[in-house]
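Keep in mind the model is a prediction, meaning the values are calculated, not measured.
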Number of protein chains: 2
Amino acid sequence: MLQSKTHSKPLFLSEEELRQAIELLFYAYRDFTGEPDAILAHYDFGRAHHRVIYFVGRNSGITVGALLGILKITKQSLSRVLGQLLDEGFIEQRTDNDDRRRRMLFLTAKGADLENLLTQRQGRRIANAYRAAGADAVDGFRAVLRGIVNEEDRSRFGDSASGHG
Amino acid sequence: MLQSKTHSKPLFLSEEELRQAIELLFYAYRDFTGEPDAILAHYDFGRAHHRVIYFVGRNSGITVGALLGILKITKQSLSRVLGQLLDEGFIEQRTDNDDRRRRMLFLTAKGADLENLLTQRQGRRIANAYRAAGADAVDGFRAVLRGIVNEEDRSRFGDSASGHG
DNA sequence: TAATTATGTCAGTGTTATTGACATATATCC
DNA sequence: GGATATATGTCAATAACACTGACATAATTA
């Protein structure tokens, strides 16, 4: 109850440490998205398209509403992006027979190709960082990022420990 | 030479592990920026203003060109945001006497107040995550994020190790 | 049958970014 | 000193991505 795996050392955090963390997140996210952004530009797509392609690929058959919940944008915003991806054959919709109001989203072969390309590039960057930092660092990375995520979504990333608790 | 602190275990990375990392970055960044965004909205400012305020606060006297280099946006984009911040008295400019083409940027007292508020909020989120994850995790977090950043900016975050080699 | 849910669409707006062109002041090179 | 380069600023047009508000339709649930 008091503390599980987290040994909760007092951890006096200097302003400098906190600012370094803030900046690390800024630079890492900037560069993490920069590479896919450049690829997507060839298709006249942007980061919003990427997010949709990614999460549809990851959660095949996801409904429109669930996707909105992940992206935290309005349906009008999603509509433009999703419409383009449907028109251009990267994603297809199928009505859910259990609840015929629902539209389930799937990547087409074309959509899966693009998703793979983008995920491979980002995966390569992650893998390089993981290798350079070492296995222990990976656990720390995951644990801290998980703590930054709002509580409501934290359970997406495991219960609390990350493999060896 | 071969490997400093990074014990370079083979590290077989499953697609699942890579995807979890990708998603952690997405969710963490989304929530990390969500809180400041809400505050900035009261001032009719957005995330772009935040970035300018943050980096000017952090690098007092930074030139316009150096700021563009960090943000990786065009000067026309910066111009609008910076112009507003100047007009409304959050930032002030002073000519650099060593090179009178340069404009050095400083936060005003008003600007520093806002910067402190925003940084405190983000710092609180980081601090909570750090405390929950533990001191070792912090090192791992820093090491992995540093590896994700493009090489050209990596040196901003220390040489390689993070405190205890 | 009435209310709710899931989705879609139309219209208007705002923020953040882009490219391209051009202007000014200052510094540096030859 | 004159040519060139650098640092900054500005005007104009455009695009991507998001928002709010209003309304419509189909299907499910109470």
So, does [X] use its side chain to make a donor-acceptor pair with the main chain of [Y] at under 3.5 Å?
| X | Y | result |
| --- | --- | --- |
| A:T108 | A:F90 | yes |
| B:N150 | A:D31 | no |
| A:H49 | A:G46 | yes |
| B:R47 | B:T33 | no |

Identified side-chain hydrogen bond (donor to acceptor under 3.5 Å, both in side chains) partner of A:Q20 from the options B:R142, B:R156, B:R146: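 When B:R142, B:R156, B:R146 are each tested with A:Q20, the side-chain hydrogen bond (donor to acceptor under 3.5 Å, both in side chains) holds only for B:R142.
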Rounded distance in Å - [atom1] ([X]) to [atom2] ([N]):
| X | N | atom1 | atom2 | result |
| --- | --- | --- | --- | --- |
| A:L85 | D:dC17 | CG | P | 10 Å |
| A:L78 | D:dC19 | CG | P | 10 Å |
| A:R80 | C:dG14 | CZ | P | 18 Å |
| A:L105 | C:dT7 | CG | P | 8 Å |
| B:L68 | C:dA17 | CG | C1' | 13 Å |
| A:I91 | C:dG8 | CD1 | P | 12 Å |
| A:R30 | C:dT16 | CZ | P | 18 Å |
| B:Q84 | D:dT10 | CD | P | 13 Å |

DNA chain D contacts made by residues 39-67 of chain B, counting heavy atoms under 4.0 Å: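 B:T63, B:V64, B:G65 - these, ordered by number, are the residues of the stretch whose heavy atoms sit under 4.0 Å from the strand.
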Could you go through nucleotides 26-28 of chain C and list every protein N or O atom that sits under 3.5 Å from one of its N or O atoms, giving the distance for each pair?
| unit_1 | atom_1 | unit_2 | atom_2 | d |
| --- | --- | --- | --- | --- |
| C:dA27 | OP1 | B:R100 | N | 3.0 |

Can you name the side chain to side chain contact (heavy atoms under 4.5 Å, CB included) partners of [X], sequence neighbours left out?
| X | result |
| --- | --- |
| B:A48 | B:R51, B:V81 |
| A:E15 | A:R19 |
| B:E17 | B:L13, B:S14 |
| A:R101 | A:D99 |

Side chain to side chain donor-acceptor pair (under 3.5 Å): pairs with one or both residues in residues 85-94 of chain A, sequence neighbours excluded: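 Passing the test, one end in residues 85-94 of chain A: A:E92-A:R94.
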Side chain to side chain donor-acceptor pair (under 3.5 Å) contacts in which one or both residues fall within residues 59-72 of chain B, not counting sequence neighbours: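 Those involving residues 59-72 of chain B do not exist here.
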Partner residues of B:E35 under the side-chain hydrogen bond (donor to acceptor under 3.5 Å, both in side chains) criterion, sequence neighbours left out: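 Only B:R125 meet the side-chain hydrogen bond (donor to acceptor under 3.5 Å, both in side chains) criterion with B:E35.
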Any residue meeting side-chain hydrogen bond (donor to acceptor under 3.5 Å, both in side chains) with B:T74, in chain and number order, not counting sequence neighbours: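 side-chain hydrogen bond (donor to acceptor under 3.5 Å, both in side chains) check on B:T74 returns B:S77.
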More than 12 heavy atoms of other groups within 6.0 Å of B:E152 CD: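 Yes, enclosed.
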Sugar-phosphate, base or nothing in reach of B:Q93, heavy atoms under 4.0 Å: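 Here B:Q93 touches the backbone only, sparing every base.
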Between the first and last five pairs of the helix from C:dT1-D:dA30 to C:dC30-D:dG1, the angle of the axes, rounded to 10 degrees: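 The helix from C:dT1-D:dA30 to C:dC30-D:dG1 shows an end-to-end axis angle of 30°.
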Between the protein and nucleotides 19-21 of chain C, list every N/O to N/O distance that falls short of 3.5 Å.
| unit_1 | atom_1 | unit_2 | atom_2 | d |
| --- | --- | --- | --- | --- |
| C:dG20 | N7 | B:Q76 | NE2 | 3.4 |
| C:dG20 | O6 | B:Q76 | NE2 | 2.8 |

